[in-house]
Every structure is written in structure tokens, then in C-alpha cells.
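Notes to accompany the following structure.
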Amino acid sequence: MASVYQTFATTARRAADNAFLHIPASAAKSYSATAVDLSYAQALQRIDQCAASYSARGYGSPQRVALVLENRADFFIHWLALNSLGCSVIPVSREMQDEEIAYYLEHGEACLLVAIPEALAQLQPICNSLQALVPLVDCQQLDTLPPAPTRRDGLQPSATTECALLYTSGSTGKPKGCILSNEYFTFAGEWYLGLGGLTQLRDGEERLLTPLPLTHMNAMAVSSMAMIMSAGCLIQLDRFHPREWWSTVHASGATIVHYLGVLPAMLLELPPGNTMTAAGGCALASAPASTPNITPCSNSASAFR
């Protein structure tokens, strides 16, 4: 079984011109004047260029790199670039408390923190407070990458190598780090593809919209891998916007939407004129978002065409 990067590269070779990622203009307005669109070929080119920058500075297995990249294209570019070299990633939200971010970096033994430009001022004091050095780098300025720490094994990425370190909510104590292999991610995609029935994913035709954070396994593993493995398009929102929801679903051409259980209740409270009908009509059916032998971090659901 392949790594996540190898899986993506395989799809990019067979469906180069297919849309891989669409971020609507409304979700990208804080950093882009237009919507963000990447085909599989375009994304792979950016991923390989990014990987070359990391490789030139000595990054590889089994190092971990923390990412504060929100729900942007940068997340996929850096995640897959690092994955191609055998590096694991620690997705971090800048909306967490500073103490939580520091805990993730220290407990996860991150050797580097890569962030969007807007988060640098917040993150630098956190990095300065740590006992172990964790350099902070602008995701758009990889020419400033520091040399990587000495590698401990140099293993080539495979199904069994670590892909990501995701943390639990920590509701009963300190968050627990979940070491997830490449196999975990590809299995999540295979499970989704194998559901069939109402949830049948048509190869190269689906457009899956999600407002969920890429720091969570639902968006990072389940929806992302399902689209990558079926040459579909991931429509990634910055977050859930109730009043814009149905117009975004309609305008983006979504055939599938993912949501948490509380979101439908919020949509039902909207005034007339801001409904599914106004969006052109979508047939919805719920389906479990967890996979066999994979423990979800929170309850969620999926809605399909």
C-alpha cells in the first residue's frame, strides 16, 4: 500500500486535468482576491516544488513538522510535500490557546513550525517560550528554511510510516497524540469508496464540500482521501457560514456535503429564502462518518446528492 503522496501522484498521472481543489472566493477572501482552483497536475507540480525545498535542507523521516495553514491550499501542498519525504505533520489551529499550541509542539516533538503569514506574530512568542528550539517559517518563504535536525532513520515513506500526529480534544486531561500511518489515511479513503449505494462515489465526477477543519480526521483523512482516490474535487470552506451555506453549495456544484450534527439545526433556523430550495434543491441523506476500526474524534455526518 502506498503513502498519501504516492496515492495522490498516481491519481494526478491518470486524471491530470481533473479539478482537485476549489476554495470559493467567499472562503478565500481574507487572503485572495479570487477563488482558489487547482487541478491535480497543478497541485502535484506545486507539491514537488515544495518537497524539493524541504529536501534541500535535509528534512525527512522520522521528523515531525507542525502546520498552521488553516483550510487553505497551502495545507495540502505542504502536507503532501513533507509526506513524500517521510516527514509526519502535526496540524495545529491558531484559534487554540497559546498553551495548547505550545503543548502540541513540545509533546509532538516538532522540529519546525510552518505557518501562514498572518499567524507569525502570534506564534513567534510561543516558539520563543519553548525549551527545545522550534524554528518558525512563513509557508510562502521556504527559502528561509533552517537546516533540518539530524535524521534518525532515513526510512523511505511507505504504508507503515507515520503520516500525521493528530490530537484528541483533551476533555479528560491532556490531549492524547494519535500516531496515524499512511495506511490509516488510505484505508479511510478505501472505506469511503467501498460504501456504495446512496453513497456511491463516481470516479472523476464528485465534488465534495466540507466546512470542517483540516486539523480534524474527518476533513484531513476521510473527505480528502475519498476525493484523491476517486479523482474528485474537494471544495474546502474556511468554516461553516449558515447564511451562505446553500448558495455556496449551489454555486460550487457540490454533489456531496459533509457536516457536523449541529449544523442542520442551525440551517433550519434560517429565515425563508435561505433554504435548500433557494440553492436549487439537493437531496440529502445521512451516512456515518467514522470508519471500521477508526475511532472518530467527534460525531459527524455526511450528506450526499
If you compare all heavy atoms of [X] against all heavy atoms of [Y], which two are closest, and at what distance to 0.1 Å?
X: Pro146; Y: Tyr59; result: O-OH, 3.0 Å
X: Ala115; Y: Ala119; result: CB-CB, 4.4 Å
X: Leu85; Y: Ala51; result: CD1-O, 3.6 Å
X: Leu67; Y: Leu113; result: N-CD1, 4.4 Å
X: Leu105; Y: Cys127; result: CD1-SG, 4.5 Å
X: His107; Y: Gly177; result: CE1-N, 4.4 Å

Expected output: side-chain [X] to main-chain [Y] donor-acceptor under 3.5 Å:
X: Ser252; Y: Thr248; value: yes
X: Tyr167; Y: Gly108; value: yes
X: Gln236; Y: Pro24; value: no
X: Thr186; Y: Glu183; value: yes
X: Thr255; Y: Arg207; value: yes
X: Gln122; Y: Arg94; value: yes
X: Asn71; Y: Leu212; value: yes
X: Glu70; Y: Asp238; value: no
X: Gln45; Y: Ala41; value: no
X: Tyr103; Y: Pro175; value: yes

Passing candidate, side chain to side chain contact (heavy atoms under 4.5 Å, CB included) with Val68, options Val92, Leu120, Val114, Ile101: Val92

Is there a side-chain contact between Ile116 and Tyr31 in this structure, where contact means two heavy atoms from C-beta onward sitting under 4.5 Å apart? no

Cys139 and Pro117, any side-chain heavy atoms less than 4.5 Å apart: yes

Look at atom [atom1] of [X] and say whether more than 12 heavy atoms of other residues, nucleotides or ligands are closer to it than 6.0 Å.
X: Arg239; atom1: CZ; result: no
X: Asp17; atom1: CG; result: no
X: Lys176; atom1: NZ; result: yes

Given the rule in the side chain to side chain contact (heavy atoms under 4.5 Å, CB included) test, do Asp48 and Tyr5 qualify, once you have shown the distances and angles that lead to the verdict? CA-CA 10 Å; Asp48 287 343; Tyr5 167 80; 2.6 Å; yes

Could you walk me through whether Leu208 and Tyr192 satisfy the side chain to side chain contact (heavy atoms under 4.5 Å, CB included) test, starting with their C-alpha distance in whole Å, then the side-chain angles of each, then the deciding distance to 0.1 Å, before giving a yes or no? CA-CA 12 Å; Leu208 188 157; Tyr192 204 155; 3.9 Å; yes

Distance (rounded to the nearest 0.5 Å) between [X] [atom1] and [Y] [atom2]:
X: Ile228; Y: Ser223; atom1: CD1; atom2: OG; answer: 9.5 Å
X: Asn182; Y: Cys163; atom1: CG; atom2: SG; answer: 4.5 Å
X: His258; Y: Leu263; atom1: NE2; atom2: CG; answer: 12.5 Å
X: Ile126; Y: Tyr104; atom1: CD1; atom2: OH; answer: 12.5 Å
X: Met266; Y: Arg243; atom1: CE; atom2: CZ; answer: 10.0 Å
X: Met217; Y: Leu166; atom1: CE; atom2: CG; answer: 8.5 Å

Does the separation of the ring centres of Phe185 and Trp79 fall below 6.0 angstrom? yes

Step through it carefully: locate the ring centre of Phe20, locate the ring centre of Phe8, and say whether they are under 6.0 Å apart. yes

Please determine whether salt bridge (charged side-chain N to carboxylate O under 4.0 Å, His left out) holds for the pair Arg72 and Glu118, giving the CA-CA distance in whole Å, both sets of side-chain angles, and the decisive distance to 0.1 Å. CA-CA 13 Å; Arg72 303 188 185 187; Glu118 301 93 318; 3.0 Å; yes

Applying the 4.5 Å side-chain criterion to the ILVMFWY set and letting contacts propagate, would Val65 and Leu133 be lumped into a single cluster? no

Determine whether Leu268 and Tyr259 fall in the same hydrophobic cluster, where Ile, Leu, Val, Met, Phe, Trp and Tyr are linked whenever their side-chain heavy atoms lie under 4.5 Å apart. no

